[in-house]
Amino acid sequence: MSHPQPATSFDSRPLTDPVDPRAVSSFAAELRARGSLGMSVSTVIGLVVVVIVVLVSVPIAASVLIGLATSPRDFGFAGIGLLLFGGVGVAIGISALVGWRRARVTRYRLDRFARANGMTYEARIAEPPLPGMIFSLGRSRVSTDLVRGTNRGSSNSAITSTRCSQGRTRPPTAGGTSR
């Protein structure tokens with residue numbers, strides 16, 4: 001959680017000003033040290049899927065490469081498939097890296113914005129105590145990127161998601177911004 005500075009006016013510059021990558025890295029390390037960035041179930045599932053795909057695809061790619069090395073004239077569809085498979089893997093890796101870096105910068109900017117305007121920022125809150133009947137329904141409630149005013153009666157803004165289920169089926173539903 002960030003510590004607010006007294007604010008006399010609204011300052012949106014921290015949301016658009018350029019950021020120093022070293023400052024973003026140190027802020028991310030600070031969040032990890034505080035335990036504000038817990039690993040979600042979807043992240044764990046994603047990592048397991050990536051490990052399984054790598055364990056299956058590396059031997060297949062290695063056998064295709066060995067086959068191409070022993071008889072290079074039979075490049076054909078195997079080589080094109082290998083290039084396509086490699087290109088898709090590189091594109092997925094680059095997309096994941098860009099998304100991860102963008103999320104870190106967003107958290108850094110929101111924290112600086114909150115501090116500049118006398119508010120607080122919290123990266124993630126599990127089971128947030130939100131008012132109202134609808135926010136108590138479901139399970140696995142999580143609020144992320146919470147910007148909260150420090151004055152009594154000020155509003156909160158966060159991305160809140162809740163997992164709701166009926167009977168044996170468990171379709172996830174997500175909520176929007178809470179105030």
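Just the heavy atoms: all of them, side chains too, but no hydrogens, waters or symmetry mates, feed the values below.
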Going by salt bridge (charged side-chain N to carboxylate O under 4.0 Å, His left out), name the residues that satisfy it together with R102, two or more places apart in sequence or in a different chain. none
Only pairs under 3.5 Å count here: list side-chain donor-acceptor contacts from residues 46-65, not counting sequence neighbours, and write none if there are none.
unit_1	atom_1	unit_2	atom_2	d
S57	OG	V53	O	2.7
S63	OG	P59	O	3.4
S63	OG	I60	O	2.8

Full working for side chain to side chain contact (heavy atoms under 4.5 Å, CB included) between R13 and F113: CA-CA 8 Å; R13 287 179 295 143; F113 169 77; over 6 Å; no
Can you tell me how far CG of L146 sits from CZ of R124, rounded to the nearest 0.5 angstrom? 13.0 Å
Write down the atom of A23, the atom of S26, and the distance for their closest heavy-atom approach. O-OG, 2.9 Å
State, to 0.1 Å, how close V24 and V105 come at their nearest heavy-atom pair, and which atoms those are. CG1-N, 4.1 Å
Could you see if I92 belongs to whatever hydrophobic cluster contains L84? Use Ile, Leu, Val, Met, Phe, Trp, Tyr and a side-chain cutoff under 4.5 Å. no
Nearest heavy-atom approach of N117 to D11 is OD1-N, 2.6 Å
Whether the R104 and S25 side chains hold a donor-acceptor pair (N or O, under 3.5 Å, no angle test) is what I'd like checked. yes
Which pair of non-hydrogen atoms, one from L15 and one from R109, has the smallest distance, and what is that distance? O-NH1, 2.9 Å
On the 0 to 90° scale, with breaks at 30° and 60°, tag the F27-Y121 ring pair as parallel, tilted or perpendicular. tilted
Shortest non-hydrogen contact from A123 to L31? CB-CD1, 4.1 Å
Any carboxylate oxygen within less than 4.0 angstrom of a Lys/Arg side-chain nitrogen, looking at R107 and D111? no
